[in-house]
Amino acid sequence: MTQAINPEELKALVRTVPDFPKPGILFYDITTLLKDKTGFAQLIDALAAHYIGKQIDLVLGIEARGFIFGPALAYRLNAGFVPVRKPRKLPAPVARVTYDLEYGTDTLEIHVDAIEPGQRVIIVDDLLATGGTMEATVKLVRQLGGQIAGLAFAVELDFLHGRNRFPDLDIFSLLHYDE
């Protein structure tokens with residue numbers, strides 16, 4: 001983490017796929033960045049650098065791509081990792097939040113004993129778009145008494161203004177796209 005990270009070099013590793021998952025959408029495919037050992041390491045190092053020294057207890061990763069970044073970030077921060085899952089994936093008692101999507105609803109769950117009141121947590125996901133999934137996860141953390149130290153993303157689609165849902169939280173996104 002001694003070298004500055006050049007986000008433009010990392011963006012060059014992201015593949016764009018037009019018309020996926022539907023016509024008119026430009027999909028930012030991070031799998032090409034993930035398979036690049038230097039790029040992936042730089043991404044994790046840059047995320048970690050933002051939170052080093054902030055006494056982070058837990059990193060929560062949202063299913064599914066938050067599971068890619070969460071454990072690596074937790075390791076770098078000497079913190080625990082907690083998965084936030086889709087329904088019926090966790091074996092012990094859960095807290096759950098149902099939230100609205102563009103066409104319907106979805107639900108996220110977390111073990112009720114995953115966060116102790118007052119623990120400082122970061123929530124990580126691959127992408128900040130409209131912010132609905134992250135907003136649901138924030139509700140879960142607050143329901144369990146966790147203190148949110150930040151929201152971390154590999155990619156942010158700035159034109160969708162998802163960060164506006166979280167005016168009181170620290171949001172760190174490494175790669176920004178305006179279209």
Side-chain angles (χ1 to χ4, degrees), residues 21 27-28 30-31 34 40 43-158 160-176:
F27 186 82
Y28 296 97
I30 62 167
T31 62
L34 296 174
F40 182 57
L43 179 92
I44 295 301
D45 285 349
L47 291 173
H50 187 77
Y51 297 103
I52 294 273
K54 295 186 179 177
Q55 294 85 33
I56 305 305
D57 297 305
L58 299 170
V59 175
L60 278 64
I62 301 172
E63 188 170 345
R65 292 188 184 103
F67 292 1
I68 297 168
F69 303 105
L73 183 57
Y75 174 78
R76 294 286 285 117
L77 296 175
N78 194 33
F81 173 73
V82 173
V84 178
R85 304 289 319 256
K86 302 286 184 176
R88 296 174 302 282
K89 303 279 186 176
L90 295 170
V94 298
R96 77 176 41 90
V97 169
T98 298
Y99 61 103
D100 292 325
L101 297 170
E102 189 175 351
Y103 301 105
T105 62
D106 206 350
T107 301
L108 292 173
E109 297 180 341
I110 187 171
H111 279 134
V112 294
D113 62 355
I115 301 170
E116 295 176 19
Q119 282 190 306
R120 292 178 50 79
V121 306
I122 296 169
I123 308 169
V124 65
D125 206 359
D126 66 326
L127 175 76
L128 175 58
T130 63
T133 301
M134 183 57 73
E135 186 174 55
T137 306
V138 165
K139 287 179 184 176
L140 281 172
V141 171
R142 289 180 172 157
Q143 181 180 333
L144 297 178
Q147 181 184 354
I148 299 171
L151 309 178
F153 303 93
V155 174
E156 182 172 348
L157 304 180
D158 295 332
L160 294 176
H161 309 290
R163 70 173 41 236
N164 293 347
R165 290 185 182 217
F166 314 101
D168 60 330
L169 296 176
D170 173 56
I171 300 171
F172 180 67
S173 302
L174 190 58
L175 308 178
H176 293 266

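These numbers come from the heavy atoms of this one structure, side chains and all, not from hydrogens, waters or symmetry mates. When a residue number appears, it is its place in the shown sequence, counting from 1.
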K.L.:
Evaluate the side-chain proximity of Arg165 to Met134: yes if any heavy-atom separation is below 4.5 Å, no if none is.
P.N.:
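Answer no - side chains too far apart.
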K.L.:
What pair of heavy atoms forms the shortest contact from Gly61 to Phe81, and how long is it?
P.N.:
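Heavy atoms of Gly61 and Phe81 come nearest at N-CE1, 3.5 Å.
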K.L.:
Please check this pair: side chain of Gln55 against backbone of Gly53, looking for a donor-acceptor N/O pair closer than 3.5 Å.
P.N.:
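Judged by distance alone, yes, a pair lies under 3.5 Å.
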K.L.:
Can you tell if the side chain of Leu60 reaches within under 4.5 Å of the side chain of Ile115, non-hydrogen atoms only?
P.N.:
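In contact.
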K.L.:
Drop me the distance from Ile56's CD1 to Arg76's CZ, to the nearest 0.5 angstrom.
P.N.:
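Ile56 atom CD1 to Arg76 atom CZ measures 14.0 Å (nearest 0.5 Å).
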K.L.:
Whether the side chain of Arg120 engages the backbone of Lys54 through a donor-acceptor N/O pair (distance < 3.5 Å, no angle test) should be reported.
P.N.:
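Side chain of Arg120 to backbone of Lys54: a pair is present.
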K.L.:
Measure the spacing between CD of Glu135 and CG of Leu151 and express it to the nearest 0.5 Å.
P.N.:
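Glu135 atom CD to Leu151 atom CG measures 11.0 Å (nearest 0.5 Å).
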K.L.:
State whether the number of non-hydrogen atoms from other residues, nucleotides or ligands found under 6.0 Å of Asn78 atom CG is greater than 12.
P.N.:
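Counting other residues, nucleotides and ligands, CG of Asn78 stays at 12 neighbours or fewer.
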K.L.:
Please examine the side chains of His176 and Phe153, heavy atoms only from C-beta on, and report whether any two atoms are closer than 4.5 Å.
P.N.:
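They are not in side-chain contact.
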K.L.:
Measure the shortest side-chain to side-chain distance between Leu108 and Thr133 over non-hydrogen atoms and say whether it is less than 4.5 angstrom.
P.N.:
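Side chain of Leu108 against side chain of Thr133, heavy atoms only: contact under 4.5 Å found.
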K.L.:
Between OG1 of Thr31 and CG of Asp126, what distance do you get to the nearest 0.5 Å?
P.N.:
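Taking OG1 in Thr31 and CG in Asp126, the distance rounds to 11.0 Å.
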K.L.:
Does any part of the side chain of Leu77, heavy atoms only, come nearer than 4.5 Å to the side chain of Ile122, both counted from C-beta?
P.N.:
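Sidechains of Leu77 and Ile122: in contact.
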K.L.:
Measure the shortest side-chain to side-chain distance between Ile30 and Arg65 over non-hydrogen atoms and say whether it is less than 4.5 angstrom.
P.N.:
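Ile30 vs Arg65: side chains touch.
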K.L.:
Do the side chains of Phe69 and Leu43 get nearer than 4.5 Å, heavy atoms only?
P.N.:
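Result yes, sub-4.5 Å side-chain heavy-atom pair found.
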K.L.:
How far apart are the closest heavy atoms of Gly118 and Gln147, and which atoms are they?
P.N.:
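Between these two residues, the closest heavy atoms are O-OE1, 4.0 Å.
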K.L.:
Evaluate the side-chain proximity of Leu127 to Tyr28: yes if any heavy-atom separation is below 4.5 Å, no if none is.
P.N.:
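Heavy-atom side-chain distance check fails, nothing below 4.5 Å.
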K.L.:
Given Val121 and Ile148, is the side-chain contact (heavy atoms from CB on, under 4.5 Å) satisfied, shown in steps?
P.N.:
CA-CA 5 Å; Val121 306; Ile148 299 171; 4.3 Å; yes
K.L.:
Closest approach of Leu90 and Glu109, non-hydrogen atoms and distance?
P.N.:
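Closest pair (atom of Leu90, atom of Glu109, distance): CD1-O, 3.7 Å.
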K.L.:
Find the distance between CG (Leu140) and CD1 (Ile123) and round it off to the nearest 0.5 Å.
P.N.:
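Reported value, rounded in 0.5 Å steps: 8.5 Å.
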K.L.:
Are more than 12 heavy atoms, taken from residues, nucleotides or ligands other than Phe27, located less than 6.0 Å from that residue's CZ atom?
P.N.:
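Enclosed.
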K.L.:
Please say whether more than 12 non-hydrogen atoms of neighbouring residues, nucleotides or ligands are located less than 6.0 Å from CD in Gln143.
P.N.:
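Correct, the count exceeds 12.
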K.L.:
To the nearest 0.5 Å, what is the distance between CD1 (Ile62) and CG (Asp125)?
P.N.:
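That separation rounds to 4.5 Å.
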K.L.:
Quick one: pull up CG in Asp170 and OH in Tyr51 and give me the separation to the nearest 0.5 Å.
P.N.:
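Taking CG in Asp170 and OH in Tyr51, the distance rounds to 5.0 Å.
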K.L.:
Could you report the tightest heavy-atom contact between Glu156 and Ser173, atom names first, then the distance?
P.N.:
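Of all heavy-atom pairs spanning Glu156 and Ser173, the closest is OE1-OG, 2.7 Å.
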K.L.:
Nearest heavy-atom pair of Val59 and Gly70: which atoms, and what distance?
P.N.:
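Scanning both residues, the minimum pair turns out to be CG1-O, 3.7 Å.
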K.L.:
Closest approach of Leu157 and Ala129, non-hydrogen atoms and distance?
P.N.:
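It is CD1-CB, 4.2 Å.
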K.L.:
Which residue in the set Arg88, Arg85, Lys86 passes salt bridge (charged side-chain N to carboxylate O under 4.0 Å, His left out) when paired with Glu63?
P.N.:
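It is Arg85, the one option of Arg88, Arg85, Lys86 that forms the salt bridge (charged side-chain N to carboxylate O under 4.0 Å, His left out) with Glu63.
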